[in-house]
**Q** 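Just dropping this structure here.
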Amino acid sequence: MNGEEKITTSHRSRLAIIYLRQSTMLQVRDHSESTTRQYALVDLAVALGWTAENILVIDKDLGVSGRFGVERGGFHDVVAKVCLAEAGAVFGLEVSRLARSNADIARLLELARLTDTLVVDSDAVYDLADFNDRLLLGLKGSMSEAELHLLNGRLQGAKQSAAARGDLRVPLPVGLDYDEDGNVVLDADEEVRTAVADVFSEFARTGSAYGVVAALAGRLFPLRAYGGVWDGKLRWGKLTHGRVLGVLANPAYAGAYVYGRHRTQRTVRPDGSVLTTNPRLPRADWRIVINDHHDGYITWQQFLDIEAKLTANCTHQGARPPREGEPLCQGIISCGGCGCRIGTRYQGKNRLAQYDCMGHRDAARTTSCRSVTAATVDGAVVGLLLATLTPALVSLALDAAEQVTQRHTRAHHAAELAVERARYEANRAERAFGQVEPENRLVARTLEVRWEAKLGALNEAEANLVATREARPPLPGRAALESLAADLPRLWDDPATTAKDRKRLLRTLISDVTVLPDSDQGEVRIGVRWHTGATDLITTARSGAPRTPPAAIELITRLGAIMTDEELVAELAAARLQTGKRRPFDVKAVRWTRHAYQIPVPDPFREGEISIQRTASILEVTAGVVYYWVNQGLLSARKDDHGRWCIPWSEAIETNCRRQIAASGHLTPPHPRPARGTALDGEVTVAQAADLLGVGEHVIYYRIRIGDLPAHRTEQGRLSIPLTDTLHAHLRDRLAHSGQPAVTGEGSRPLPEAARARDEISVQQAATRLKVLAAVVYYQVRAGHLQARRTATGRIAILWNDEIHTRIRAQLAADPPGPTGIGSRLLPTGTTARGELSVQNAAKQLGIRPGALYYWIRRGELAAHKTKDGRLSIPWSNSVKAACLQRAAHGQKFTPQTQEVTAGGAV
């Protein structure tokens with residue numbers, strides 16, 4: 001092999017990568033010889049000196065195209081191995097196997113040059129450090145890409161040529177099939193044809209794809225598979241919305257042969273990868289359309305109507321198709337104040353529909369925007385529609401439509417004549433070109449150009465004919481329209497006519513409706529625009545919620561204070577008065593009117609009865625007490641028709657109630673409750689004791705709870721403490737030696753004025769100035785580095801000035817304190833020389849928490865003693881370490897920190 005001498009020992013010590021690729025799975029299945037040749041590169045690598053252990057075969061990309069933008073996992077593995085300098089050589093049957101893109105090949109070759117990696121194909125060995133080899137491989141890569149371009153151009157050109165004649169066989173949708181001669185025919189299976197035809201029938205009836213799905217729910221729909229093991233077989237499955245759209249939008253069902261409905265589009269993602277998609281093109285951009293190519297389920301005009309209907313149903317593109325709701329102008333009504341669309345909302349239990357401006361969503365709502373009931377607008381618009389569609393006006397519209405139809409017919413006839421003339425001119429130019437002698441190229445070139453111009457004119461004339469034919473569909477018969485106009489009011493009010501049908505009829509003539517601003521709050525101005533461009537303005541009264549007639553309100557107000565609800569119902573019926581909804585008054589309606597207009601009811605109390613509030617006032621208690629007695633049956637009462645309590649009252653009942661009050665400790669305390677801060681003679685309250693000891697109240701409660709401080713409750717339930725001088729001194733001593741200052745206890749507040757006058761500060765103030773924990777200050781006091789004393793209240797007062805501040809800061813900077821004060825730093829040098837460790841150092845060696853060592857020391861399982869400064873020192877040896885590790889291994893709480901169970905044993 002050429003260039004075998006370029007392989008060195010360094011190359012053979014690294015991997016020999018055998019890269020395999022074929023573009024499609026069809027090639028892998030049918031072209032097995034190419035696959036075999038690629039796998040045979042392993043033998044070539046062995047022959048060139050690589051051992052079997054250093055040969056890596058990468059065949060992930062079998063069946064994956066080498067075009068730019070295609071994700072290839074195998075190629076990425078090759079690049080990764082080359083980048084890591086793990087590859088000594090990359091073997092490929094030819095350069096095109098590595099990639100069909102110059103960009104991919106150039107990147108691989110550059111990385112191979114930097115890492116001293118060879119490239120080997122069936123011809124030679126290439127060293128990328130050699131300029132000639134790099135130039136040769138680059139040329140091969142360019143030729144590989146050009147080869148792909150030429151092959152693709154030939155294939156696409158042949159496909160387009162066959163498609164222009166309608167001879168290119170493409171996968172057909174279900175319901176269509178190829179016969180023995182290759183012609184497109186309807187499927188021979190009647191069940192399949194019926195299923196497809198039902199989709200178009202239901203769409204014509206419902207007008208939406210979702211309506212088709214709902215109408216055919218429960219029925220199976222056929223699907224013909226293409227490719228794979230199911231190739232050509234018919235399967236049945238659920239009819240989904242996507243499958244319905246696929247059927248309705250496929251022009252093959254209209255008997256048309258179409259090629260070029262999609263195009264390939266590549267986009268670069270943010271991560272640098274290339275995404276290839278095939279978006280659908282609009283109908284005007286389809287390359288080839290041949291109408292009446294084969295028999296279909298619908299006509300081409302029906303297909304165009306379906307396409308227009310689907311576009312009108314597409315809400316995410318701004319369309320507002322008719323819905324099932326009652327409001328008729330929903331989707332076509334807009335606000336004249338801000339220009340935003342008007343939405344529909346429903347209020348109350350009766351679901352009263354209202355039109356509400358949606359300008360608030362875009363912060364565009366103005367003061368002229370209005371909300372109006374849907375019935376007000378719909379009634380005015382429908383009245384205008386029915387008044388406009390009179391037989392006389394319909395007759396005038398039909399006369400105008402006939403004139404338009406005649407103009408359209410004349411234009412269509414003129415377009416047909418233009419096509420006929422253009423075809424004649426093209427045929428004549430073709431005959432002239434055919435009669436010229438081939439050797440006479442001067443004349444032949446001229447006639448060829450003339451023929452091409454005539455063909456272009458013919459194509460333009462045919463396109464103009466198609467546009468003219470589709471410009472306006474044929475109108476229905478005159479008699480049918482006149483009959484419909486005469487019967488339209490009855491058809492509109494027919495109960496069988498749905499709201500959706502009324503909306504469709506309304507939108508057939510009316511383009512949009514606008515609610516215009518109006519200064520009169522009692523009126524609504526409505527602008528209506530017809531599809532012809534004409535406009536109308538309607539002014540109607542604004543109708544709100546039904547109101548109770550004023551006569552009924554006057555009668556209830558006049559007689560409400562002396563008549564019951566039942567008597568008022570009889571009076572209203574005698575006066576023939578009804579509610580705002582045109583219904584007879586009942587007790588419920590009368591009560592609601594009383595509530596709405598604050599009309600009083602007759603006095604519900606009989607002789608000897610009083611209300612809840614009056615009872616509470618007499619007994620000098622709250623109304624809640626009286627309600628409690630009534631609910632518990634301790635006080636008799638009754639409810640009237642309006643839910644008011646009536647209590648029979650007498651001197652005996654009052655005496656009984658007062659007896660209950662006297663027997664209750666909650667309602668009448670035996671003794672007046674003392675004010676906060678007072679106690680029995682010779683004793684103090686909790687708050688007074690806290691002030692005397694200089695601690696928080698919670699400290700006093702804690703001392704009482706643990707028995708250090710005697711206390712008892714008074715008759716009022718208050719704690720009273722007999723605080724004598726001896727007990728006072730005892731508590732101060734306990735608090736001074738507790739070592740646990742609370743957040744609001746000793747040391748947490750500034751010292752008294754007398755102590756501050758002697759340049760003394762508290763522990764917390766010192767910690768704040770030094771920017772350390774309070775525990776560090778306590779340690780400095782215990783170690784003798786800070787001069788301190790206890791005040792009369794047990795507080796620690798520290799002598800402080802600038803010199804002391806500077807000295808302590810310097811000491812802390814030279815020997816920074818640990819996180820927990822004592823024991824957090826190394827022991828003195830003399831102690832460590834005797835083979836002793838601090839608790840923290842021992843815990844670090846064992847891999848456990850210091851709390852475990854404190855626990856063992858307290859239980860006597862680990863020997864330790866305190867140094868002069870109060871630090872714990874542990875005599876340490878290998879045997880002590882082994883015993884501690886064994887003890888930690890057998891106790892889950894003290895498992896070393898490297899395991900999953902957290903080290904515990906904290907004291």
Side-chain angles (χ1 to χ4, degrees), residues 308 311-315 317-347 352-394 396-397 400-401 404 484-485 488-489 491-493 497 499-545:
T311 303
N313 291 347
C314 193
T315 56
Q317 294 182 355
R320 292 292 178 267
R323 300 291 189 182
E324 290 76 9
E326 290 298 329
L328 300 178
C329 298
Q330 179 185 12
I332 62 172
I333 186 171
S334 59
C335 177
C338 63
C340 297
R341 73 179 186 89
I342 289 182
T344 306
R345 58 187 176 91
Y346 299 87
Q347 289 183 327
L352 180 65
Q354 277 202 326
Y355 291 133
D356 189 20
C357 177
M358 297 279 96
H360 62 276
R361 294 186 177 180
D362 300 326
R365 193 177 180 100
T366 64
T367 56
S368 60
C369 297
R370 294 287 181 264
S371 294
V372 60
T373 57
T376 301
V377 178
D378 293 347
V381 174
V382 171
L384 175 65
L385 176 67
L386 297 180
T388 303
L389 290 180
T390 60
L393 292 178
V394 170
L396 291 176
V404 173
L484 177 62
L488 183 59
L491 177 63
W492 186 274
D493 296 330
T497 305
K500 196 170 185 179
D501 294 333
R502 294 190 180 95
K503 292 179 182 179
R504 289 177 179 173
L505 180 58
L506 185 72
R507 297 183 182 200
T508 303
L509 299 175
I510 295 179
S511 175
D512 56 69
V513 177
T514 304
V515 178
L516 302 174
D518 196 344
S519 57
D520 189 355
Q521 298 292 331
E523 292 184 348
V524 180
R525 293 196 309 145
I526 305 168
V528 179
R529 184 173 63 172
W530 304 82
H531 282 296
T532 59
T535 59
D536 282 304
L537 179 62
I538 312 171
T539 302
T540 183
R542 179 187 294 270
S543 61

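Being a predicted model, the structure only gives us computed values, none of them experimental. Along the sequence shown, residues are numbered consecutively beginning with 1. What you see below is based on every heavy atom in this structure, not just the backbone, and it leaves out hydrogens, waters and symmetry mates.
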**Q** How long is the straight-line distance from OG1 of Thr514 back to CZ of Arg341, given to the nearest 0.5 Å?
**A** 14.0 Å
**Q** Measuring from atom CD of Glu523 to atom OG1 of Thr376, what distance do you get when rounded to the nearest 0.5 angstrom?
**A** 12.0 Å
**Q** Please name all residues satisfying side chain to side chain contact (heavy atoms under 4.5 Å, CB included) with Val382, sequence neighbours left out, ordered by chain then number.
**A** Leu328, Leu386, Trp492
**Q** List the atom of Tyr355, the atom of Cys329, and the distance in Å for their closest heavy-atom pair.
**A** OH-N, 3.1 Å
**Q** For His531 and Ile510, which heavy atoms make the closest approach, and how far apart are they?
**A** NE2-O, 3.4 Å
**Q** Please report the shortest heavy-atom distance between Cys357 and Ile342, naming the atom on each side.
**A** CA-CG1, 4.1 Å
**Q** With sequence neighbours excluded, tell me which residues meet side chain to side chain contact (heavy atoms under 4.5 Å, CB included) with Ala308.
**A** none
**Q** Please tabulate, for side-chain N and O atoms in residues 331-340, each donor-acceptor pair with protein atoms closer than 3.5 Å (sequence neighbours left out).
**A**
none

**Q** How would you list, by chain and number, every residue that makes a salt bridge (charged side-chain N to carboxylate O under 4.0 Å, His left out) with Asp378, sequence neighbours excluded?
**A** none
**Q** Any salt bridge (charged side-chain N to carboxylate O under 4.0 Å, His left out) involving residues 508-517? Give me the pairs, sequence neighbours left out, ordered by first then second residue.
**A** Asp512-Arg529
**Q** Taking all non-hydrogen atoms of both residues into account, name the closest pair between Ile538 and Ala380 and its distance.
**A** CD1-O, 3.7 Å
**Q** Out of curiosity, Asp536 CG to Leu384 CG, how far, rounded to the nearest 0.5 Å?
**A** 5.0 Å
